[in-house]
Trainee: 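Below: one structure in C-alpha cells.
First the proteins, then the strands, lettered A, B, ... as listed; each starts at 1. These figures come from a predicted structure and were not determined experimentally.
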Protein chains: 2
Amino acid sequence: MLATEFKDAITAADRVLVQIRTAIVEGEIPAGTKISEPELARRYDLSRAPLREALARLERCHLIERTPNAGARVVKLSIDGLRSLYQLREELEGLACRLAAEHMTEQEIAEVRALLDQHLSTQRVREGESYYQEAGDVDFHYRVILGSKNPYLINILSDELYFLVRMYRVQLGMNGPRVSRAFDEHKAIINAIANRDGELADLLMRRHIAASKRNIEQQLLQQGTSHG
Amino acid sequence: MLATEFKDAITAADRVLVQIRTAIVEGEIPAGTKISEPELARRYDLSRAPLREALARLERCHLIERTPNAGARVVKLSIDGLRSLYQLREELEGLACRLAAEHMTEQEIAEVRALLDQHLSTQRVREGESYYQEAGDVDFHYRVILGSKNPYLINILSDELYFLVRMYRVQLGMNGPRVSRAFDEHKAIINAIANRDGELADLLMRRHIAASKRNIEQQLLQQGTSHG
DNA sequence: AAGCATCGGATTGTCGACAATTAAAAGCAA
DNA sequence: TTGCTTTTAATTGTCGACAATCCGATGCTT
C-alpha cells in the first residue's frame, strides 16, 4: 500500500506484520478477538519470536491492546475511539497542510495533482467500488503528510494512526454523496497548498476530516441501534 | 518518574526498558552510540529476548534507530530534530490545553495547583539544581496532558515524545532566567484552564514551549560552534 | 445453593543455540 | 599504494523448549 514500506532485507517479522495488519484492518480477524500467539504462529507458519515482534508493532499502531501476562485483543471500534482519533487527525493533518504549503516542491505538488486526475478517471470507470476511493484517499493524505517534511509528524500519522483510520473506514464504509465530494475537497486542498496558503489548506483539511468523521459516526450509530 | 508506569506484573523486559531508557536520556549511554545486543544482555544480566522487546519500545519513542540486519544506534541530538520535535509539541500540547480546559475536573485542577506550590517551595530550597526543575516541569505537563482525556494524545505525548524531549533538556540543560520564569508560565496556564479558557491556555502553552525551544536551541548552537 | 479455595490447563515470558545476513579484515591484482 | 575481491568474524533474526503466570473448572465449606 504505502509506496516503499521496507527498503530491502525484508524479515519474516515484517511479512507477518503486513499480513496480520491487513487481516485486522479488513476485518478478516474481527474486532475484539482474543489473539493467541501459538495459533497465529501455526497459521502463518513461523515461530513465536518474529510473531511477537509483529504484535509489538501492531500495538504501536493501536490495532491490538496487550496486557502483561494476559495476552492481546484486537481493538474494538467505538464512537468514543473514533472521536478521539479524528480529533487528533484534524489537528495533525491540519498542521501537515500548513507545513506542506511551506515545504512541498512544485514537482511534488504537480505529482499530487496528477494523482488526483488519475483517481478521478479511475473512479468514473469503477463507480461504486469504494475500495478504489479508499486507496485514492489514503494516497492523497499520505502525499500531503510526506510533504510536511517533519519526520515525527510523518511517523505518527502514517505509521501509527493511519492503519486504525483505515480500519474504521474499511469496516464501516464510506458511502453516499461523500465519495464524490471528497475528490473536490482534495482538489481544493492541493490548490491552497500550491498557492502557499497554509492557513486555508489547514482549514479545508480540518473540514474534510470532520465531514469524514460525521459520515463514519452515523454508520456507527445506525449499526449500534439496529442490532445492538 | 511517571506516576504509575506499570500497574503490576512487571516483566523483565519492562525493567530493562526503564533502565536503558534512563541511561540514554541521562546521557550515560552517549548519543550516537552503536547498540550491541549481546553486550547489553550481559550488562543487564538477561537474555536477548526481553532485551529486544525493550529495544522495540525504545525505537517507538525515537530514542534509538534500527535498521534491519544492521543494528541499532542511539539517536543523535540535532537542531533540525529539536525543531521538528518542538513543532509537534507546540501543536499537541496546545491541543491538550484546549481539551484540558474542557475536561479537567475542579479537583484535578486543584491538584495541579498544589503541585505547583509544592514545586515552588522545593525550588526555593534547592535553588540551582536544575534536576528538580526538570522533574517539576515534566510533572506539570504530564498532568495537563492527562487532563485532555484523549487516550491517543496522551499516548503520543507522554509515552512516545516525552522521553526524547527530556533527553534534549537533560543533556543540553535548562539555564538562565528561564528556570524561574517557567513557574510563572505554568501558573498562567493552569489559571486559564481553571477559567475554562482553552484558547488562552493553548496560546500560553505554545509560547511556553517555544521559549523552551529557543533556550535549548541556543545551547545547541553554542555547543556546535565552540567544539565542532 | 452461593461463595470461596484449590487445582489443572493453557498461555505468556524467558532462555540458550542455530541460521542468515552483514560489516570489516585480509589478500590479491594493478 | 590503491582498489577490488574474498574470507572471516561478529551481529542480527529465528527456532524450539522450559519456567512463570494467569484464567477457568472443580470441589469444598457455610
Trainee: Would you give the length of the straight line joining atom CG of A:Leu92 to atom CD1 of A:Ile209, rounded to the nearest 0.5 angstrom?
Mentor: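 Taking CG in A:Leu92 and CD1 in A:Ile209, the distance rounds to 9.0 Å.
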
Trainee: Atom pairs under 3.5 Å, N or O on each side, protein against nucleotides 11-14 of chain C: can you list them with distances?
Mentor:
residue, atom, partner, partner atom, Å
C:dT12, OP1, A:Ile35, O, 3.2
C:dT12, OP2, A:Glu37, N, 3.4
C:dG13, OP1, A:Asn69, N, 3.3
C:dG13, OP2, A:Arg52, NH1, 2.6
C:dG13, OP2, A:Arg52, NH2, 3.0
C:dG13, O3', B:Thr11, OG1, 2.8
C:dG13, N7, A:Arg48, NH2, 2.8
C:dG13, O6, A:Arg48, NH1, 3.1
C:dT14, OP1, B:Thr11, OG1, 2.4
C:dT14, OP1, B:Ala12, N, 2.5
C:dT14, OP2, B:Thr11, OG1, 3.1

Trainee: The criterion is ring-ring contact (aromatic ring centres under 6.0 Å, His included); which residues satisfy it with A:His141, sequence neighbours excluded?
Mentor: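 Testing A:His141 for ring-ring contact (aromatic ring centres under 6.0 Å, His included), a comparison that skips the adjacent residues, returns A:His186, A:His208.
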
Trainee: Kindly compute the distance separating CG (B:Leu63) from CZ (B:Arg57), expressed to the nearest 0.5 Å.
Mentor: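 CZ of B:Arg57 is found 13.5 Å from CG of B:Leu63.
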
Trainee: To the nearest Å, how far apart are B:Arg42 CZ and D:dA10 P?
Mentor: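 Spelled out: CZ on B:Arg42 to P on D:dA10 is 11 Å.
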
Trainee: Estimate the overall bend of the helix from C:dA1-D:dT30 to C:dA30-D:dT1 from the end axes over five pairs each, rounded to 10 degrees.
Mentor: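 Here the helix ends are tilted 10° relative to one another.
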
Trainee: Is a donor on one side and an acceptor on the other found under 3.5 Å between the side chain of A:Arg73 and the backbone of A:Gly32?
Mentor: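 Yes; judged by distance alone, with no hydrogens or angles, the pair exists.
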
Trainee: Is it the case that the side chains of B:Arg89 and B:Tyr162 hold a donor-acceptor pair, with the cut-off being a distance below 3.5 Å and no angle test?
Mentor: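 Side-chain D/A pair, B:Tyr162 to B:Arg89: present.
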
Trainee: Keeping the roles fixed (side chain from A:Asp45, backbone from A:Arg42), state whether a donor-acceptor pair exists under 3.5 Å.
Mentor: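 Checked: no pair found.
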
Trainee: What is the distance from atom OG of B:Ser84 to atom CG of A:Asn150, rounded to the nearest 0.5 Å?
Mentor: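 With rounding to 0.5 Å, OG (B:Ser84) is 4.0 Å from CG (A:Asn150).
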
Trainee: What is the distance from atom CD1 of B:Ile193 to atom CD of B:Glu108, rounded to the nearest 0.5 Å?
Mentor: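 That separation rounds to 10.5 Å.
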
